[in-house]
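These notes concern the structure reproduced below.
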Amino acid sequence: MTLPVNQQRVGIEEKPDRAETIVALRRLCQTTSRTFSSYVADSTRISTGIPALDALLPGRGLQPGWLVEWLSPVEGCGVTVLALQGVQAALQRRGAWAVVDETGEFYPPAVQGWGISLERMLWLRPSSLGDAAWAVEQSLRCPAVGLTWFQAERMTDRVLRRWKIAAEMGGGVGVLFRPAKAARTASWADVRWLVHPQPLRATPLGRRIRVELLSCRGEYRTGDWVELEVCDATGDVRLVSTLAGAASALHSVSKIA
């Protein structure tokens, strides 16, 4: 795919001159005005699909136009299963789910077992990082897309800022998967979840994961966390009770049929 000249340098930091800065600030002010009106018109909260996580968020859910970061130390630790819980809720508002798959690791048929129709998915496979950044921005900006997914390991702060503005303009939700080391840097995300895989042990479902709320827009709370059990095969997610550690104290909080 050949990008327009003004999009080819999306991943490259540049020092703008004064005129460009003024134009950018004017556009940002206009965008802020438009997005504030859209928030007033559409204040519906979107569930993460896991009530225990919703309970940690103001309004008990996500807001349209938000960026959500899932940070994990290693691949395959269950973060994708957790994020999939919220797909159905996001698509209730808007029909399309855009998956920007630069790595080629996403396997669309697997999500059918979660009750998600492939007819509602836009599976985009860009050939370069620059194309991927452009595809994410356009998906976030599109009002027909309710959810945009991308694994964002090497993106610059400038690109992440553009994505945030695009999400506010489009009104959907952006979900970014990043390595845990990104937690040490500032972020434009409205919500940041940090996943801590727990030591392997025999459990009713399989793996056990602690999910920590690192930050949330409008809330200066850090350190809140829940411990969950996750089954990759069935999609079950269960909250581990903080009042009792016995297996009998587990109760189901989420499942995609």
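Only heavy atoms go into these numbers, but all of them, side chains included; no hydrogens, no water, no symmetry mates. Residues: numbered from 1 along the sequence shown.
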Please tell me if the side chains of Asp131 and Glu102 come closer than 4.5 Å, counting only heavy atoms from C-beta onward.
-> no

Side chains of Met121 and Val111: does their closest heavy-atom pair fall under 4.5 Å?
-> yes

Is a donor on one side and an acceptor on the other found under 3.5 Å between the side chain of Lys164 and the backbone of Gly65?
-> yes

For Leu124 and Ser139, work out which heavy atoms get closest and say how close.
-> CD1-OG, 3.8 Å

Looking at Leu147, Leu118, Leu122, which one forms a side chain to side chain contact (heavy atoms under 4.5 Å, CB included) with Trp97?
-> Leu147

Roughly how far apart are Thr148 OG1 and Gln138 CD, rounded to 0.5 Å?
-> 10.5 Å

Does a side-chain heavy-atom distance below 4.5 Å link Leu160 with Ser187?
-> no

Does the Arg207 side chain pair with the main chain of Cys77, one donor and one acceptor, at a distance under 3.5 Å?
-> yes

Any donor and acceptor pair, going by atom type alone, linking the side chain of Trp163 with main-chain N or O of Ala189 inside 3.5 Å?
-> no

Minimum heavy-atom separation for Ile209 to Gly78, with atom names?
-> CD1-CA, 3.9 Å

Which pairs, with at least one residue in residues 55-72 and sequence neighbours excluded, count as a salt bridge (charged side-chain N to carboxylate O under 4.0 Å, His left out)?
-> Glu69-Arg178, Glu69-Arg192

Measuring from Leu194:CG to Leu213:CG, what's the distance to the nearest 0.5 Å?
-> 10.5 Å

In this structure, CD of Glu137 is separated from CE of Met169 (nearest 0.5 Å) by 9.5 Å

From the list Trp149, Phe150, Phe106, ring pair (Phe, Tyr, Trp, His ring centres under 6.0 Å) with Phe177 holds only for Trp149

Close side-chain approach of Thr48 to Leu57, heavy-atom, < 4.5 Å | yes

Which atom of Trp66 lies closest to which atom of Gly61, heavy atoms considered = CZ3-O, 4.1 Å

Can you tell me how far CG of Leu228 sits from CZ of Arg238, rounded to the nearest 0.5 angstrom?
-> 12.0 Å

To the nearest 0.5 Å, how far apart are CZ in Arg162 and CG in Leu140?
-> 11.5 Å

Do any N or O atoms from the side chain of Arg120 and from the backbone of Leu91 form a donor-acceptor pair under 3.5 angstrom?
-> yes

Side chain to side chain contact (heavy atoms under 4.5 Å, CB included) assessment of Leu129 paired with Met155 = CA-CA 9 Å; Leu129 190 60; Met155 288 301 170; 3.2 Å; yes

Approximate separation, where rounding is to 0.5 Å, of Leu176 CG and Leu67 CG | 5.5 Å

Residues Val237, Gln85; criterion side chain to side chain contact (heavy atoms under 4.5 Å, CB included); working and verdict | CA-CA 9 Å; Val237 176; Gln85 305 291 323; 3.3 Å; yes

Locate the shortest heavy-atom distance separating Ser72 from Val79; write the atom from each residue and the value.
-> OG-CG1, 4.0 Å

Provide the closest heavy-atom pair for Val100 versus Ala135 in the form atom of the first, atom of the second, distance.
-> CG1-CB, 4.1 Å

Compare all side-chain heavy atoms of Asp157 with those of Trp188 and state whether any distance is below 4.5 angstrom.
-> yes

Shortest non-hydrogen contact from Ser47 to Ile50?
-> OG-N, 4.3 Å

For the pair Val211 and Leu56, evaluate side chain to side chain contact (heavy atoms under 4.5 Å, CB included) and give the outcome as yes or no after the intermediate values.
-> CA-CA 11 Å; Val211 182; Leu56 300 182; over 6 Å; no

Backbone N or O of Arg125 within a donor-acceptor pair of the Asp101 side chain at under 3.5 Å?
-> no

